[in-house]
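Below: one structure, written as structure tokens.
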Amino acid sequence: MTTVCLTFDFDAVSLWISSLKQATANPMSRGEFAPRVGLPRVLALLLEKGVKATFFVPAHTAVSFNAETRRILDDGHEIGIHGYCHETPVGLSKTDEASLLDKAIAKLRNALGQDFTPVGYRSPAWDLSENSISLLEERGIVYDSSLMADDYKPYWASRGFQVSEEAYQAGPASKVVEIPVAWELDDFPHFMFLNKPLYLGMRTPAEVYELWREEFDFSVTIEGSVFTLTMHPEIIGRGPRMAMLSRLIDHMKSTSGTTFSTVADAARHWRVRSL
């Protein structure tokens with residue numbers, strides 16, 4: 001059986017402000033496309049298909065586009081932690097990383113209600129420090145979805161690592177479930193155009209459909225696989241790309257033994273079977 005997790009990083013303007021260091025009118029307008037156009041299209045498609053998804057939301061987005069973020073919860077989808085303002089944890093001291101993580105959780109709760117309790121995390125950088133997993137584990141976070149040590153099988157994330165030119169040693173296994181990601185299964189490298197720095201991500205929806213369909217078709221040959229797509233409302237939300245995603249969902253739904261799940265439910269299910 002294959003579990004499909006459709007995930008969406010609702011970065012909005014935070015990506016441009018923090019990661020790309022561009023806060024002029026045009027980058028801001030590109031970020032605004034997410035709440036204005038992309039997110040409503042994504043939510044409408046998920047409702048049409050009867051699929052629940054996971055949205056990773058920076059605290060900055062939850063405050064700046066509060067009504068739109070609340071609609072995600074109102075529609076029955078999961079929201080996971082995605083940083084304070086789309087920052088990288090790499091290079092931070094353990095104290096600073098812990099403080100920023102706690103600030104992000106607190107800001108999400110202030111924006112979404114004190115009863116909001118996130119159980120998942122995805123690094124905005126798709127990278128972690130040697131302390132990240134331990135900090136998540138200390139806070140009772142069930143899963144992370146930032147790493148790539150497998151393609152379709154969850155695994156226990158390691159608490160840190162030691163690396164040098166002489167050897168690499170992963171730390172001991174944590175109780176945090178890793179739901180792996182892949183650049184091949186992310187809409188950003190395929191579709192995103194950047195002029196600073198220059199990056200030409202201009203593949204057609206038809207090309208990406210074939211790539212994602214072939215990845216999915218292979219995943220169903222692996223028992224207990226979790227097929228995780230990473231998308232962004234401001235990227236996948238353009239019309240032809242939404243049509244492609246609709247077609248892909250139909251293909252996956254027509255494949256015997258396929259179920260759709262939030263990442264939280266997929267991680268909990270794997271955790272129960274693995275303890």
Side-chain angles (χ1 to χ4, degrees), residues 2-12 15-16 19-20 27 30-31 33-56 77 82 86 122-127 145-148 150-153 179-195 197-222 225-255 258-263 266:
T2 295
T3 300
V4 174
C5 292
L6 302 181
T7 72
F8 300 88
D9 295 356
F10 185 26
D11 300 332
L15 165 71
W16 299 94
S19 298
L20 298 177
R30 294 181 73 175
F33 185 93
R36 181 189 296 267
V37 180
L39 183 65
R41 287 177 177 170
V42 167
L43 292 176
L45 179 64
L46 295 174
L47 179 62
E48 174 192 337
K49 303 298 183 182
V51 171
K52 298 303 180 187
T54 296
F55 291 76
F56 294 97
H77 304 295
H82 199 44
H86 208 276
R122 172 174 286 165
S123 167
W126 269 19
D127 202 355
S145 185
S146 311
L147 302 178
M148 306 180 183
D150 208 304
D151 47 9
Y152 311 116
K153 297 295 288 290
I179 303 294
V181 292
W183 285 112
E184 293 87 346
L185 299 176
D186 187 321
D187 61 359
F188 192 101
H190 302 307
F191 293 131
M192 187 63 159
F193 172 82
L194 297 174
N195 57 345
L198 184 61
Y199 180 81
L200 301 176
M202 289 291 191
R203 299 185 72 174
T204 68
E207 290 176 293
V208 178
Y209 173 82
E210 290 301 320
L211 189 157
W212 287 356
R213 180 187 58 78
E214 290 177 3
E215 288 269 355
F216 168 76
D217 287 349
F218 182 81
S219 76
V220 301
T221 68
I222 300 174
S225 61
V226 177
F227 180 80
T228 305
L229 278 179
T230 302
M231 296 166 281
H232 303 74
E234 63 268 35
I235 299 175
I236 200 69
R238 295 191 68 86
R241 298 169 190 168
M242 291 301 301
M244 177 273 288
L245 179 58
S246 175
R247 180 183 171 201
L248 181 65
I249 292 173
D250 288 343
H251 171 73
M252 294 189 290
K253 293 187 77 161
S254 69
T255 302
T258 300
T259 61
F260 287 78
S261 170
T262 64
V263 183

Quick check: does any side chain N or O of [X] sit under 3.5 Å from a backbone N or O of [Y], one acting as donor and the other as acceptor?
X      : Y      : value
Thr258 : Ser254 : no
Ser219 : Ser225 : no
Tyr152 : Glu215 : yes
Lys253 : Lys49  : yes
Asp9   : Asp11  : no

Show the atom names and distances, to 0.1 Å, of all donor-acceptor pairs under 3.5 Å that link a side chain in residues 227-238 to residues at least two apart or in another chain.
residue, atom, partner, partner atom, Å
His232, ND1, Asp187, OD1, 2.7

| Option among Val208, Leu185, Thr204 that satisfies the side-chain contact (heavy atoms from CB on, under 4.5 Å) test with His190 |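 So the option named by the test is Val208.
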| said: Restricting to ring-ring contact (aromatic ring centres under 6.0 Å, His included), what partner residues turn up for Trp126, sequence neighbours left out? | reply: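 For Trp126, the residues satisfying ring-ring contact (aromatic ring centres under 6.0 Å, His included) (neighbours in sequence not counted) are Trp183.
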| task | State which residues pass ring-ring contact (aromatic ring centres under 6.0 Å, His included) with Phe8; sequence neighbours excluded, sorted by chain then number. | result |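 Counting only residues at least two positions away or on another chain, Phe8 forms a ring-ring contact (aromatic ring centres under 6.0 Å, His included) with Phe55.
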| task | Measure up the Phe56 and His82 rings against each other and bin them: parallel (under 30°), tilted (30 to 60°), perpendicular (over 60°). | result |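 Phe56 and His82: tilted rings.
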Is there side-chain contact between [X] and [Y], with at least one heavy-atom pair below 4.5 Å?
X      : Y      : value
Thr2   : Thr255 : no
Leu15  : Ser19  : yes
Asp151 : Glu184 : no
Leu43  : Leu47  : no
Leu45  : Glu48  : yes
Met192 : Arg30  : yes
Phe216 : Val4   : yes

Heavy atoms only: give me the nearest [X]-[Y] pair and the separation to one decimal.
X      : Y      : answer
Thr3   : Ala266 : CG2-CB, 4.2 Å
Val181 : Met148 : O-CG, 3.3 Å
Pro35  : Leu39  : CA-CB, 4.3 Å

| query | Would Phe188 and Leu194 count as a side-chain contact (heavy atoms from CB on, under 4.5 Å) if you check the C-alpha gap in whole Å, the side-chain angles of each, and the deciding distance to 0.1 Å? | reply | CA-CA 10 Å; Phe188 192 101; Leu194 297 174; 4.1 Å; yes
| task | Please lay out, stage by stage, how Thr7 and Arg122 fare under the test side-chain hydrogen bond (donor to acceptor under 3.5 Å, both in side chains). | result | CA-CA 10 Å; Thr7 72; Arg122 172 174 286 165; 3.0 Å; yes
